[in-house]
Amino acid sequence: MAVTDPVRAVLFDLDGTLTDTNYGHTIAWSRAFAQEGHHPTMAAIHRHIGMGSDRLLDALLPDRDRARDEILTAARSEHYRPFIGLIQPLPGARELVREVARRGVRVVLATSAPAAELRALRSALDVEDCLSAVTSPADADSSKPAPDILEVALERSGADPANAVMVGDSRWDVLAARRAGLGCVAVLTGGIGADELTEAGASAVYTGPDDLLAHLDDSPIGRLLKCARDSNG
(Lines give C-alpha, C1' and ligand atoms only; values in the text may rest on other atoms or scores of the structure.)
Protein backbone atom coordinates (compact mmCIF):
# COMPACT_ATOMS: atom_id res chain seq x y z
CA MET A 1 0.00 0.00 0.00
CA ALA A 2 1.39 3.39 -0.97
CA VAL A 3 2.21 5.78 1.87
CA THR A 4 0.42 9.10 1.50
CA ASP A 5 2.73 12.05 1.91
CA PRO A 6 1.54 14.27 4.81
CA VAL A 7 0.04 17.68 4.19
CA ARG A 8 2.29 20.55 5.30
CA ALA A 9 1.09 24.04 6.15
CA VAL A 10 2.26 27.46 7.27
CA LEU A 11 -0.27 29.46 9.30
CA PHE A 12 0.14 33.22 9.05
CA ASP A 13 -1.22 35.81 11.43
CA LEU A 14 -2.14 39.03 9.61
CA ASP A 15 -2.04 42.17 11.76
CA GLY A 16 1.56 43.08 12.55
CA THR A 17 2.85 39.96 10.80
CA LEU A 18 1.98 40.48 7.14
CA THR A 19 0.42 43.96 7.38
CA ASP A 20 1.61 47.13 9.14
CA THR A 21 -1.50 47.65 11.25
CA ASN A 22 -0.73 47.19 14.96
CA TYR A 23 -0.27 50.87 15.74
CA GLY A 24 -3.54 51.75 14.04
CA HIS A 25 -5.24 49.26 16.34
CA THR A 26 -3.48 50.81 19.33
CA ILE A 27 -4.70 54.30 18.45
CA ALA A 28 -8.25 53.07 17.77
CA TRP A 29 -8.44 51.32 21.16
CA SER A 30 -6.99 54.37 22.92
CA ARG A 31 -9.66 56.62 21.42
CA ALA A 32 -12.41 54.14 22.25
CA PHE A 33 -11.22 53.91 25.85
CA ALA A 34 -11.01 57.70 26.20
CA GLN A 35 -14.54 57.99 24.83
CA GLU A 36 -15.72 55.84 27.75
CA GLY A 37 -13.57 57.62 30.33
CA HIS A 38 -10.74 55.06 30.50
CA HIS A 39 -7.09 56.01 29.99
CA PRO A 40 -4.68 53.07 29.79
CA THR A 41 -1.39 54.12 28.24
CA MET A 42 -0.65 53.56 24.59
CA ALA A 43 2.23 51.31 25.63
CA ALA A 44 -0.08 49.10 27.70
CA ILE A 45 -2.60 48.88 24.87
CA HIS A 46 0.06 48.05 22.31
CA ARG A 47 1.42 45.17 24.37
CA HIS A 48 -2.02 43.54 24.26
CA ILE A 49 -2.69 43.95 20.54
CA GLY A 50 -3.07 40.47 19.11
CA MET A 51 -5.36 39.32 21.89
CA GLY A 52 -9.05 38.99 21.21
CA SER A 53 -11.11 42.01 22.28
CA ASP A 54 -12.58 40.18 25.27
CA ARG A 55 -9.18 39.24 26.64
CA LEU A 56 -7.70 42.66 25.91
CA LEU A 57 -10.48 44.33 27.86
CA ASP A 58 -10.03 41.93 30.77
CA ALA A 59 -6.31 42.65 30.85
CA LEU A 60 -6.53 46.43 30.58
CA LEU A 61 -9.82 47.17 32.36
CA PRO A 62 -10.46 44.34 34.84
CA ASP A 63 -12.83 46.50 36.94
CA ARG A 64 -14.84 47.97 34.06
CA ASP A 65 -18.60 47.90 33.63
CA ARG A 66 -18.85 44.82 31.43
CA ALA A 67 -22.32 45.82 30.29
CA ARG A 68 -20.58 48.45 28.13
CA ASP A 69 -18.18 46.03 26.39
CA GLU A 70 -20.16 46.10 23.15
CA ILE A 71 -20.03 49.90 23.18
CA LEU A 72 -16.26 49.81 23.64
CA THR A 73 -15.66 47.29 20.87
CA ALA A 74 -18.02 49.14 18.51
CA ALA A 75 -16.19 52.39 19.25
CA ARG A 76 -12.87 50.66 18.54
CA SER A 77 -14.18 49.53 15.15
CA GLU A 78 -15.41 53.03 14.35
CA HIS A 79 -12.11 54.64 15.30
CA TYR A 80 -10.21 52.04 13.27
CA ARG A 81 -12.29 52.67 10.16
CA PRO A 82 -10.05 55.53 8.83
CA PHE A 83 -7.05 53.19 9.02
CA ILE A 84 -8.64 50.51 6.84
CA GLY A 85 -7.94 52.43 3.67
CA LEU A 86 -4.31 52.81 4.72
CA ILE A 87 -3.55 49.10 5.15
CA GLN A 88 -0.31 48.10 3.47
CA PRO A 89 1.53 44.77 3.36
CA LEU A 90 4.82 44.77 5.19
CA PRO A 91 8.00 44.58 3.07
CA GLY A 92 8.39 41.06 1.73
CA ALA A 93 5.01 39.85 3.04
CA ARG A 94 3.41 39.17 -0.32
CA GLU A 95 6.58 37.59 -1.68
CA LEU A 96 6.95 35.39 1.41
CA VAL A 97 3.44 33.98 1.12
CA ARG A 98 3.85 33.38 -2.60
CA GLU A 99 7.18 31.62 -2.14
CA VAL A 100 5.82 29.28 0.56
CA ALA A 101 2.86 28.38 -1.66
CA ARG A 102 5.08 27.99 -4.73
CA ARG A 103 7.13 25.37 -2.92
CA GLY A 104 4.12 23.17 -2.28
CA VAL A 105 3.20 24.05 1.31
CA ARG A 106 -0.38 25.04 2.11
CA VAL A 107 -0.88 28.64 3.25
CA VAL A 108 -3.57 29.50 5.81
CA LEU A 109 -4.41 32.96 7.16
CA ALA A 110 -5.08 32.28 10.84
CA THR A 111 -6.73 35.49 11.98
CA SER A 112 -9.67 36.66 14.06
CA ALA A 113 -9.94 40.02 12.26
CA PRO A 114 -13.55 41.24 11.87
CA ALA A 115 -15.12 40.75 8.45
CA ALA A 116 -14.69 44.30 7.09
CA GLU A 117 -11.08 44.45 8.24
CA LEU A 118 -10.34 40.98 6.92
CA ARG A 119 -11.59 41.95 3.47
CA ALA A 120 -9.29 44.98 3.48
CA LEU A 121 -6.34 42.94 4.72
CA ARG A 122 -6.81 40.31 2.03
CA SER A 123 -7.21 42.95 -0.65
CA ALA A 124 -4.00 44.68 0.44
CA LEU A 125 -2.04 41.43 0.45
CA ASP A 126 -3.32 40.28 -2.94
CA VAL A 127 -2.35 36.61 -2.48
CA GLU A 128 -5.77 34.99 -2.86
CA ASP A 129 -4.49 32.45 -5.37
CA CYS A 130 -2.00 31.17 -2.77
CA LEU A 131 -4.45 30.52 0.07
CA SER A 132 -5.73 27.11 1.12
CA ALA A 133 -7.93 28.47 3.92
CA VAL A 134 -8.77 31.55 5.98
CA THR A 135 -10.25 31.73 9.47
CA SER A 136 -12.70 34.27 10.89
CA PRO A 137 -13.94 35.29 14.37
CA ALA A 138 -16.94 32.97 13.99
CA ASP A 139 -14.59 29.99 13.89
CA ALA A 140 -13.37 30.17 17.49
CA ASP A 141 -15.05 30.08 20.89
CA SER A 142 -12.01 31.65 22.57
CA SER A 143 -9.54 34.16 21.16
CA LYS A 144 -5.74 34.21 21.33
CA PRO A 145 -3.80 33.23 23.37
CA ALA A 146 -6.28 30.31 23.38
CA PRO A 147 -5.41 27.91 20.55
CA ASP A 148 -8.92 27.69 19.06
CA ILE A 149 -8.34 29.74 15.90
CA LEU A 150 -5.14 27.84 15.12
CA GLU A 151 -6.81 24.48 15.66
CA VAL A 152 -9.48 25.49 13.14
CA ALA A 153 -6.78 26.65 10.73
CA LEU A 154 -4.98 23.32 11.07
CA GLU A 155 -8.16 21.37 10.50
CA ARG A 156 -8.93 23.34 7.34
CA SER A 157 -5.40 22.93 6.04
CA GLY A 158 -5.47 19.18 6.57
CA ALA A 159 -2.08 19.29 8.33
CA ASP A 160 -1.08 17.84 11.68
CA PRO A 161 0.67 20.18 14.15
CA ALA A 162 3.95 18.31 13.58
CA ASN A 163 3.79 19.28 9.90
CA ALA A 164 2.90 22.93 10.34
CA VAL A 165 4.47 26.19 11.53
CA MET A 166 2.85 29.41 12.73
CA VAL A 167 4.20 32.86 11.82
CA GLY A 168 3.16 35.65 14.18
CA ASP A 169 4.29 38.91 15.75
CA SER A 170 2.99 38.86 19.33
CA ARG A 171 3.52 36.73 22.40
CA TRP A 172 -0.20 35.86 22.12
CA ASP A 173 0.52 34.26 18.73
CA VAL A 174 3.42 32.31 20.19
CA LEU A 175 1.44 31.13 23.23
CA ALA A 176 -1.54 30.12 21.08
CA ALA A 177 0.77 28.17 18.77
CA ARG A 178 2.37 26.33 21.70
CA ARG A 179 -1.05 25.37 23.05
CA ALA A 180 -2.01 24.06 19.60
CA GLY A 181 1.18 21.97 19.46
CA LEU A 182 2.75 24.15 16.78
CA GLY A 183 6.17 25.65 16.40
CA CYS A 184 6.07 29.43 15.96
CA VAL A 185 8.35 31.76 14.01
CA ALA A 186 8.06 35.40 15.08
CA VAL A 187 8.70 38.74 13.39
CA LEU A 188 9.44 42.08 15.05
CA THR A 189 7.12 44.14 12.84
CA GLY A 190 4.36 44.09 15.45
CA GLY A 191 6.56 46.07 17.83
CA ILE A 192 7.27 43.36 20.42
CA GLY A 193 10.90 42.69 21.35
CA ALA A 194 12.85 39.59 20.38
CA ASP A 195 13.60 38.64 24.00
CA GLU A 196 9.92 38.59 24.91
CA LEU A 197 8.97 36.57 21.83
CA THR A 198 11.75 34.07 22.48
CA GLU A 199 10.80 33.79 26.14
CA ALA A 200 7.20 33.04 25.10
CA GLY A 201 8.51 30.14 23.01
CA ALA A 202 9.25 31.43 19.49
CA SER A 203 11.66 29.04 17.80
CA ALA A 204 13.21 31.85 15.72
CA VAL A 205 12.76 35.61 15.41
CA TYR A 206 13.23 37.73 12.27
CA THR A 207 13.07 41.48 11.77
CA GLY A 208 10.15 41.13 9.35
CA PRO A 209 8.68 39.09 6.50
CA ASP A 210 11.48 40.24 4.19
CA ASP A 211 14.13 38.97 6.61
CA LEU A 212 12.30 35.65 7.01
CA LEU A 213 12.07 35.34 3.22
CA ALA A 214 15.81 36.00 2.87
CA HIS A 215 16.56 33.21 5.36
CA LEU A 216 13.68 30.93 4.47
CA ASP A 217 15.70 27.78 3.77
CA ASP A 218 17.48 28.04 7.13
CA SER A 219 14.34 28.91 9.09
CA PRO A 220 12.03 26.46 10.89
CA ILE A 221 9.79 26.73 7.82
CA GLY A 222 12.69 25.41 5.75
CA ARG A 223 12.17 21.88 7.08
CA LEU A 224 8.62 21.86 5.73
CA LEU A 225 9.78 23.23 2.39
CA LYS A 226 12.52 20.62 2.10
CA CYS A 227 10.10 17.79 2.89
CA ALA A 228 7.62 19.13 0.34
CA ARG A 229 10.38 19.40 -2.29
CA ASP A 230 11.66 15.90 -1.58
CA SER A 231 8.16 14.38 -1.74
CA ASN A 232 7.53 16.07 -5.08
CA GLY A 233 10.77 14.73 -6.50
Side-chain angles (χ1 to χ4, degrees), residues 7-28 49-50 76-77 79-140 144 149-150 152-159 164-170 173 176-177 182 184-192 206-217 219-222 224-225 228-229 232:
V7 171
R8 299 174 180 87
V10 175
L11 281 54
F12 287 97
D13 173 61
L14 279 174
D15 286 301
T17 300
L18 296 178
T19 57
D20 194 8
T21 47
N22 277 12
Y23 294 97
H25 286 298
T26 300
I27 293 169
I49 297 299
R76 198 277 329 166
S77 295
H79 287 297
Y80 188 71
R81 195 181 307 277
F83 293 98
I84 289 180
L86 303 176
I87 291 173
Q88 292 292 324
L90 284 157
R94 185 179 295 129
E95 295 82 1
L96 173 62
V97 170
R98 289 195 173 281
E99 182 62 13
V100 170
R102 185 186 71 80
R103 297 207 204 176
V105 174
R106 294 187 181 179
V107 172
V108 181
L109 300 183
T111 178
S112 54
E117 295 171 26
L118 180 55
R119 286 194 296 270
L121 290 163
R122 293 174 69 169
S123 177
L125 277 173
D126 189 25
V127 292
E128 293 299 299
D129 55 316
C130 300
L131 304 181
S132 294
V134 181
T135 63
S136 74
D139 297 324
K144 296 174 188 175
I149 205 75
L150 303 188
V152 171
L154 280 171
E155 181 180 356
R156 291 184 178 174
S157 74
V165 175
M166 169 74 179
V167 182
D169 67 289
S170 71
D173 293 324
L182 282 164
C184 186
V185 172
V187 290
L188 300 178
T189 39
I192 302 301
Y206 299 88
T207 57
D210 51 353
D211 185 33
L212 175 53
L213 177 61
H215 298 91
L216 196 58
D217 288 334
S219 75
I221 297 173
L224 296 180
L225 300 177
R229 182 184 68 228
N232 290 329

Quick check: are there more than 12 heavy atoms from other residues, nucleotides or ligands sitting under 6.0 Å from CD of E155? no
Apply side-chain contact (heavy atoms from CB on, under 4.5 Å) to residues L216 and L96 and explain how you reach the verdict. CA-CA 9 Å; L216 196 58; L96 173 62; 3.9 Å; yes
Approximate separation, where rounding is to 0.5 Å, of S112 OG and L14 CG: 9.5 Å
Using every non-hydrogen atom in the two residues, find where A153 and A110 come nearest and quote the distance to one decimal. CB-CB, 4.0 Å
Is any side-chain heavy atom of V185 closer than 4.5 Å to one of Y206? yes
Considering non-hydrogen atoms only, spot the tightest contact between C130 and R98 and give its length. SG-NH1, 3.4 Å
Less than 4.5 Å apart, any side-chain heavy atom of T111 and any of F12? no
Sidechain-backbone polar pair: D173 side chain, D169 backbone, donor-acceptor under 3.5 Å: yes
Closest non-hydrogen atom pair between L213 and G92, with its separation: CD2-O, 4.4 Å
Taking only Lys NZ, Arg NE, NH1 and NH2, and the carboxylate oxygens of Asp or Glu, determine whether D210 and R94 approach each other closer than 4.0 Å. no
Quick check: does any side chain N or O of D139 sit under 3.5 Å from a backbone N or O of S136, one acting as donor and the other as acceptor? yes
Sidechain-backbone polar pair: S123 side chain, A120 backbone, donor-acceptor under 3.5 Å: no
Indicate yes or no for a side-chain donor-acceptor contact from S132 to the backbone of V108 under 3.5 Å, with no hydrogens or angles considered. no
What is the minimum heavy-atom distance between L11 and A164, and which atoms define it? CD1-CB, 4.4 Å
Under the side-chain contact (heavy atoms from CB on, under 4.5 Å) rule, what do L18 and L125 come out as? Steps first, then yes or no, please. CA-CA 8 Å; L18 296 178; L125 277 173; 4.0 Å; yes
Which residue in the set D13, D20, T19 passes side-chain hydrogen bond (donor to acceptor under 3.5 Å, both in side chains) when paired with T17? D13
Tell me whether R102 is salt-bridged to E99, with the criterion being a basic N under 4.0 Å from an acidic carboxylate O. yes
Using only atom types and a distance under 3.5 Å, with no angle test, would you say the side chain of R106 pairs donor to acceptor with the backbone of V7? no
Donor-acceptor pair, distance only, cut-off 3.5 Å: does the side chain of D217 make one with the backbone of G222? no
Side-chain contact, heavy-atom cut-off 4.5 Å: I221 with V167? yes
Determine which pairs satisfy salt bridge (charged side-chain N to carboxylate O under 4.0 Å, His left out) with at least one residue from residues 108-119, sequence neighbours left out, and list them in order. R76-E117
Could you give me the CA-CA distance, side-chain angles and deciding distance for T21 and Y80, then say whether side-chain contact (heavy atoms from CB on, under 4.5 Å) is met? CA-CA 10 Å; T21 47; Y80 188 71; 3.5 Å; yes
Between A176 and K144 the two heavy atoms that sit nearest each other are CB-CG, 4.1 Å
Measure the CD1-CG distance between I84 and L121 for me, rounded to the nearest 0.5 Å. 8.5 Å
Over all atoms of both residues, closest heavy-atom pair of L224 and R8: O-CD, 3.5 Å
Result for side chain to side chain contact (heavy atoms under 4.5 Å, CB included) between I49 and one of T26, D15, I192 points to T26
